[in-house]
Amino acid sequence: QYHLDVAYEKPGKDGATVYTLNVCPFNADHVVPDACVIQMRSGALVFKCLHNSCHGNDWRALREKMEPGVYERRNGTKPHGATKAAEPTDQPSATHEFCTDLGNARRLIRQHGEDIRYVEEWGWLIWNGLCWEIDRTGEIERRAKQTVLSIYQEAASAPEHRREALAKHAIKSQAAARIAATISLAESERTIRLVASDFDMHDWLLTCANVTLYLGSGVVTQAYRRHVLTRASGVAYDPDAPCPLFLSFLARIFDDNDALIAYVQRVMGYALTGSTGAQCMFVLYGSGANGKSVLLNTLRALLGDYARN
């Protein structure tokens with residue numbers, strides 16, 4: 001109906017169908033695979049784009065964009081030029097924040113918000129350069145400490161009438177309770193708070209040690225925060241890398257059966273994806289000492305965080 005440019009479709013969860021778009025209808029810079037339309041089994045439609053700038057752009061917003069006034073017409077009303085009240089913003093000030101715990105939380109987000117996210121079920125996640133990693137080492141506390149110490153620099157460059165108050169606030173903010181309050185208040189900020197289902201939505205994206213690989217086409221990109229992935233293989237992607245030992249191993253355990261070797265290679269490729277579209281379960285069968293464990297251990301080493309026992 002709206003002539004959206006669909007790159008490909010794939011089965012989703014619980015009988016849904018996911019239509020990945022070549023271009024996000026709200027921003028032409030958001031390209032495949034970042035935006036999609038999901039049709040639920042019930043027929044309900046959902047729009048999603050992974051970019052923060054598209055936060056709040058749902059299916060209703062998409063319909064309004066494509067059919068201005070569609071909901072007013074459905075309700076039997078017409079807009080009369082009334083202006084929509086501006087929504088209150090909770091974004092940090094570009095100039096200064098108040099000398100409060102909330103002010104410190106927004107300082108934390110202004111300085112580190114690009115690399116931190118919060119999910120209730122998991123706690124804090126930190127961007128490690130490849131993917132979002134659950135913080136198990138206290139990184140969020142370290143960043144909060146850096147933030148409160150930076151208030152001294154803020155005081156040094158502030159107008160004279162604010163310097164003394166900021167310096168006193170910098171001292172008070174170093175208390176454990178103030179640092180904990182800073183972190184706690186940051187949890188609910190819009191750009192920081194996500195839910196677990198926001199992550200790992202792309203069945204065909206594989207994060208390697210050097211790039212993110214789109215398995216559907218072989219296209220490689222750098223790792224992007226907006227893909228909201230939590231796993232990485234830990235192995236660098238090199239399409240020209242030779243693997244004579246592995247090929248020799250396959251030839252030996254499958255008795256030089258080229259058709260069977262090709263099939264097993266397709267199975268391994270399928271295992272790299274998160275897709276269950278083929279509706280297959282693979283079982284390695286054979287007597288002992290014939291390569292089953294070696295093959296699985298090799299795959300586990302290759303898949304890294306993606307491997308499950």
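FYI, the numbering just counts along the sequence from 1. As the structure is a prediction and not an experimental result, all values here were calculated from the model.
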> R110 and R106: side chain to side chain contact (heavy atoms under 4.5 Å, CB included), yes or no, with the steps?
Replying inline: CA-CA 6 Å; R110 190 172 66 230; R106 290 179 172 170; 6.0 Å; no
>> Pair H169, I151 - check side chain to side chain contact (heavy atoms under 4.5 Å, CB included), show working.
In response: CA-CA 8 Å; H169 179 62; I151 299 173; 3.8 Å; yes
> Taking it one step at a time, do F26 and F47 satisfy ring pair (Phe, Tyr, Trp, His ring centres under 6.0 Å)?
Replying inline: CA-CA 11 Å; F26 294 96; F47 170 79; 5.4 Å; yes
>> Please evaluate residues W124 and Y118 with respect to the criterion ring pair (Phe, Tyr, Trp, His ring centres under 6.0 Å), reporting the C-alpha separation (whole Å), side-chain torsions for both, the decisive distance (0.1 Å), and the verdict.
In response: CA-CA 5 Å; W124 284 96; Y118 183 82; 5.2 Å; yes
> Where do N104 and R107 land on the side chain to side chain contact (heavy atoms under 4.5 Å, CB included) test, with the steps shown first?
Replying inline: CA-CA 5 Å; N104 286 353; R107 287 181 177 92; 2.9 Å; yes
>> Pair S248, F246 - check side chain to side chain contact (heavy atoms under 4.5 Å, CB included), show working.
In response: CA-CA 5 Å; S248 174; F246 183 65; over 6 Å; no
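Taking all atoms of both residues into account, the shortest heavy-atom contact from F249 to L295 is CZ-N, 4.0 Å. Residues I179 and S173 approach most closely at CG1-O, 3.5 Å, considering heavy atoms. Among all heavy-atom pairs drawn from V46 and W59, the shortest one is CA-CB, 4.3 Å. Closest of all the heavy-atom pairs between N210 and Y237 is OD1-N, 2.8 Å. Closest approach of F199 to L125, counting heavy atoms only: CE2-CD2, 4.2 Å. In terms of heavy atoms, L130 sits closest to A223 at O-CB, 3.6 Å.
Checked for salt-bridge contact, E139 and R143 meet the test: a charged N lies under 4.0 Å from a carboxylate O. Between R178 and D101, at least one side-chain N (NZ, or NE/NH1/NH2) sits under 4.0 Å from a carboxylate O, which counts as a salt bridge. At a threshold of 4.0 Å, the pair D34-K48 does not count as salt-bridged, since none of the basic side-chain nitrogens sits closer than that to a carboxylate oxygen.
Although no hydrogens or angles enter the test, the distance criterion places no donor-acceptor pair under 3.5 Å between the side chain of Y8 and the main chain of L21. Formation of a donor-acceptor pair under 3.5 Å by the W132 side chain with backbone atoms of R225 is found in this model. R226 contributes no side-chain N or O that, together with a main-chain N or O of L50, makes up a donor-acceptor pair within less than 3.5 Å. Between the side chain of T276 and the backbone N or O of Q279, no donor-acceptor pair lies under 3.5 Å. Put simply, the side chain of K292 never gets that close to the backbone of Y285: no donor and acceptor are under 3.5 Å apart. Between the side chain of N128 and the backbone N or O of E133 there is no donor-acceptor pair closer than 3.5 Å. Within the 3.5 Å criterion, the main-chain N or O of P33 finds no donor-acceptor partner in the side chain of Y214. The backbone N or O of V294 sits nowhere less than 3.5 Å from a side-chain atom of N297 that would complete a donor-acceptor pair. Side chain of D255 to main chain of N257: no donor-acceptor pair is present (N/O by atom type, distance under 3.5 Å, no hydrogens or angles). Side chain of R308 to main chain of D305: a donor-acceptor pair is present (N/O by atom type, distance under 3.5 Å, no hydrogens or angles).
The distance from the CD atom of E97 to the OG1 atom of T147 is 11.5 Å, given to the nearest 0.5 Å. Atom NZ of K10 and atom CD1 of I38 lie 9.0 Å apart (nearest 0.5 Å). A distance of 12.5 Å separates CG of L205 from SG of C131, quoted to the nearest 0.5 Å. Expressed to the nearest 0.5 Å, how far OG of S293 lies from CZ of R300 amounts to 8.0 Å. Between atom CG of residue L245 and atom CG of residue L250 there is a gap of 10.0 Å, rounded to the nearest 0.5 Å. To the nearest 0.5 Å, the span separating CG on L4 from SG on C36 amounts to 11.5 Å.
Side-chain contact of R142 with T137: a donor-acceptor pair under 3.5 Å is present, judged by distance alone. For the residue pair S275 / D203, no side-chain donor-acceptor distance below 3.5 Å is found, with atom types taken as modelled. Under 3.5 Å, the side chains of Q111 and S150 contain a donor-acceptor pair of N or O atoms.
Within 6.0 Å of the CD atom in Q153, the count of heavy atoms belonging to other residues, nucleotides or ligands does not exceed 12. Dense packing is recorded around CD of Q174, with more than 12 heavy atoms of other residues, nucleotides or ligands lying under 6.0 Å away. The environment of OH in Y263 is sparse: at most 12 heavy-atom neighbours from other residues, nucleotides or ligands sit within 6.0 Å. No more than 12 heavy atoms of other residues, nucleotides or ligands lie within 6.0 Å of CG in D14, so this atom counts as exposed by the packing criterion. No more than 12 heavy atoms of other residues, nucleotides or ligands lie within 6.0 Å of CZ in F98, so this atom counts as exposed by the packing criterion.
Residues I116 and I126 form a side-chain contact, since some pair of their non-hydrogen atoms from C-beta on lies under 4.5 Å apart. Put simply, the side chain of I253 does not reach to within 4.5 Å of the side chain of N290, judged on heavy atoms.
By the 30° and 60° cut-offs, the orientation of the rings of H227 relative to H202 is perpendicular.
When the side chains of ILVMFWY residues are joined at heavy-atom separations under 4.5 Å, either directly or via intervening members, L296 and I261 end up in a single hydrophobic cluster. Residue W122 is not grouped with residue I140 when hydrophobic side chains (ILVMFWY) are merged at heavy-atom distances under 4.5 angstrom, including chains of intermediate members. L229 is connected to L302 through a chain of hydrophobic side-chain contacts under 4.5 Å among Ile, Leu, Val, Met, Phe, Trp and Tyr, so both are in one cluster. The hydrophobic clustering, which links ILVMFWY residues whose side-chain heavy atoms are closer than 4.5 Å, places V119 and I183 apart. Hydrophobic cluster membership differs between L215 and Y224, with clusters built from Ile, Leu, Val, Met, Phe, Trp and Tyr side chains linked at under 4.5 angstrom.
Residue pairs meeting the salt bridge (Lys or Arg N to Asp or Glu O under 4.0 Å) criterion with at least one partner in residues 192-201, sequence neighbours excluded, are E120-R193, D200-R231.
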